[in-house]
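Accompanying notes for the structure given below.
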2 protein chains.
Amino acid sequence: MNEALETSLRLVRAQAALVKRFDARLSGLHGVSFADLAVLRCLGQAEGGRMRRVDLAQALGLSASGVTRGLIPLERIGLVVREPDPRDARVAYAALTPTGRERLDEMERTAAEVAESVFTGEVWEGGGLATLVDLLDALEGSAGAGAARSRKRTESTADRHG
Amino acid sequence: MNEALETSLRLVRAQAALVKRFDARLSGLHGVSFADLAVLRCLGQAEGGRMRRVDLAQALGLSASGVTRGLIPLERIGLVVREPDPRDARVAYAALTPTGRERLDEMERTAAEVAESVFTGEVWEGGGLATLVDLLDALEGSAGAGAARSRKRTESTADRHG
DNA sequence: CGCCAATACTTGAGTGCTCAAGCTTCTGCT
DNA sequence: AGCAGAAGCTTGAGCACTCAAGTATTGGCG
């Protein structure tokens, strides 16, 4: 009956392997990680190539601070700039630069190659890919739903590290 | 056309959400993370409840140092002990303690509940779960295959073809 | 035996994420 | 208008992983 549990564990391993593969290729060719690509892609698809950090976090499933920190290297290498909002001084948009847009294009081509090389074979071409997307979609909804507020891990038995 | 890429990104998000969910529950009830559970489960299924660290790393898809560090808290809370090998002084087995075995049992029950609560619904009960396992299995093989040691400096901008 | 490469593991430095706490700015209530 | 609280973001501390380099130990080979 722990078929569901088994599946979850497999999902984690598959994801780790997949990400390593993307990272190896992307970092070699473009000096970015797969996570960076996700950020850039998100911006690229947004209206005007820019988004509020909060919305970016939401879209990526990250925390706000994760976004702040993840943007730093992208700003430093000039793919993204920080833009203020004239109406609300709290918000700082993250906006794709022209360079960023170009580089994103190249990165997506690289990533698409990797993705295709991974998803080759009968299983995938026979509709498996579409099925997987559907299942993952369902999963993300279902798993994200109740996952919101967790708390820290210690308190009781485990006293992690020092 | 980058359906494969899209799928990869979704996989990452789904996995993150799923892990958060497990972590929240497991940490609240047992003071361990989902990753810890994976380790313990691995040991639990091994002959004699113990494994060499190297083999553990292999089974979990981690590096050797990841295992060393991941075991520290489990040793500290007494779920795992370090056991020397009488024939080879280099190896240090990680072995489940009796307590560890008991606790693992409880954890697995908790985790199974979470997993089942996530994988509830028509999609999953109608064979979706089995399909997902198959797909993930295929994926792990395919993604893990070429991911190993690519620290090379490929300079040209990709011209691979099928 | 003496040496050397391979193996098992640990440690140091660095990355990428998290939560909690902080600052600034905006909004709604009275 | 004035203040409380919410919203957006950043920062500090910490965890979990990585690779690279370091320490033992083993085993093959002269």
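Residue numbers begin at 1 in each chain, while the letters A, B, ... track the order of the sequences. In what follows, every heavy atom counts, from backbone to side chain, and hydrogens, waters and symmetry copies are set aside.
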Please determine if [X] and [Y] form a salt bridge, counting it only when a charged side-chain N lies under 4.0 Å from a carboxylate O.
| X | Y | answer |
| --- | --- | --- |
| B/Arg52 | B/Asp55 | yes |
| A/Asp85 | A/Arg87 | no |
| A/Arg101 | A/Asp105 | no |

Protein-nucleotide distance ([X], atom [atom1]; [N], atom [atom2]), rounded to Å:
| X | N | atom1 | atom2 | answer |
| --- | --- | --- | --- | --- |
| B/Leu60 | D/dA16 | CG | P | 14 Å |
| B/Arg82 | C/dA8 | CZ | P | 15 Å |
| A/Lys20 | C/dT15 | NZ | C1' | 15 Å |
| A/Asp85 | C/dT27 | CG | P | 10 Å |

Which protein N or O atoms sit under 3.5 Å from an N or O of nucleotides 21-23 of chain C?
none

**Message:** Determine whether a donor-acceptor pair (N or O, by modelled atom type, separation under 3.5 Å) exists between the side chain of B/Arg103 and the backbone of B/His30.
**Reply:**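 Yes, because the side chain of B/Arg103 sits within donor-acceptor range (under 3.5 Å) of the backbone of B/His30.
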**Asked** Is a donor on one side and an acceptor on the other found under 3.5 Å between the side chain of B/Thr97 and the backbone of B/Gly78?
**Response**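 Confirmed, B/Thr97 side chain pairs with B/Gly78 backbone.
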Looking only at heavy atoms, which two atoms of [X] and [Y] are closest? And how far apart?
| X | Y | answer |
| --- | --- | --- |
| A/Gly61 | B/Lys20 | O-NZ, 3.3 Å |
| A/Met51 | A/Cys42 | SD-O, 3.9 Å |
| B/Leu40 | B/Leu104 | O-CD2, 3.4 Å |
| A/Leu43 | A/Ala94 | CD2-O, 3.3 Å |

**Request:** Only pairs at least two apart or in different chains count here, so list each ring-ring contact (aromatic ring centres under 6.0 Å, His included) that has a residue in residues 31-68 of chain A.
**Result:**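 As it turns out, the ring-ring contact (aromatic ring centres under 6.0 Å, His included) pairs with a partner in residues 31-68 of chain A, which skip direct neighbours, are A/Phe22-A/Phe34.
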**Asked** Can you list every pair that meets ring-ring contact (aromatic ring centres under 6.0 Å, His included) and has a residue in residues 114-141 of chain A, with sequence neighbours left out?
**Response**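 For residues 114-141 of chain A: A/Phe119-A/Trp124.
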**Asked** Pairs in or reaching into residues 33-43 of chain A: which pass salt bridge (charged side-chain N to carboxylate O under 4.0 Å, His left out), with residues at least two apart or in two chains?
**Response**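 For residues 33-43 of chain A, and leaving out neighbouring residues, the salt bridge (charged side-chain N to carboxylate O under 4.0 Å, His left out) pairs sorted by first residue read A/Arg41-A/Glu108, A/Arg41-B/Glu6.
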**Asked** What pairs of residues pass the salt bridge (charged side-chain N to carboxylate O under 4.0 Å, His left out) test when at least one of them lies in residues 57-70 of chain A, not counting sequence neighbours?
**Response**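 Not a single pair qualifies under salt bridge (charged side-chain N to carboxylate O under 4.0 Å, His left out).
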**Message:** So for the helix from C/dC1-D/dG30 to C/dT30-D/dA1, with five pairs setting each end axis, what is the inter-axis angle to 10°?
**Reply:**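 For the helix from C/dC1-D/dG30 to C/dT30-D/dA1, the axes at either end differ by 0°.
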**Item:** Connected hydrophobic set around A/Tyr93, excluding itself, where side chains approach under 4.5 Å
**Value:**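 In the cluster with A/Tyr93 are A/Val91.
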Under-3.5 Å N/O pairs linking protein and nucleotides 21-26 of chain D:
| residue | atom | partner | partner atom | Å |
| --- | --- | --- | --- | --- |
| D/dT26 | OP1 | B/Ala89 | N | 3.1 |

**Separation of A/Arg13 CZ from A/Ser8 OG (nearest 0.5 Å)** =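 Taking OG in A/Ser8 and CZ in A/Arg13, the distance rounds to 11.5 Å.
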**Contact residues, residues 64-77 of chain A to DNA chain C [heavy atom, < 4.0 Å]** =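 Contacts with DNA chain C under 4.0 Å: A/Ser65, A/Gly66, A/Arg69.
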**Message:** What residues from residues 36-58 of chain A pass a heavy-atom cutoff of under 4.0 Å to DNA chain C?
**Reply:**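 Nucleic-acid contacts, sorted: none.
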**Message:** Restricting to side chain to side chain donor-acceptor pair (under 3.5 Å), what partner residues turn up for A/Glu83, sequence neighbours left out?
**Reply:**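 With neighbours one apart ignored, the set is A/Arg50.
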Could you list, one pair per line, each protein nitrogen or oxygen that sits under 3.5 Å from a nitrogen or oxygen of nucleotides 2-5 of chain C, together with the distance?
none

**Over 12 non-hydrogen atoms of neighbours within 6.0 angstrom of CZ in B/Arg25** =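 Not more than 12 within 6.0 Å, no.
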**Request:** Please check if B/Leu56 and B/Val54 belong to a single hydrophobic cluster, counting links between Ile, Leu, Val, Met, Phe, Trp and Tyr side chain heavy atoms closer than 4.5 Å.
**Result:**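 No, no single cluster joins them.
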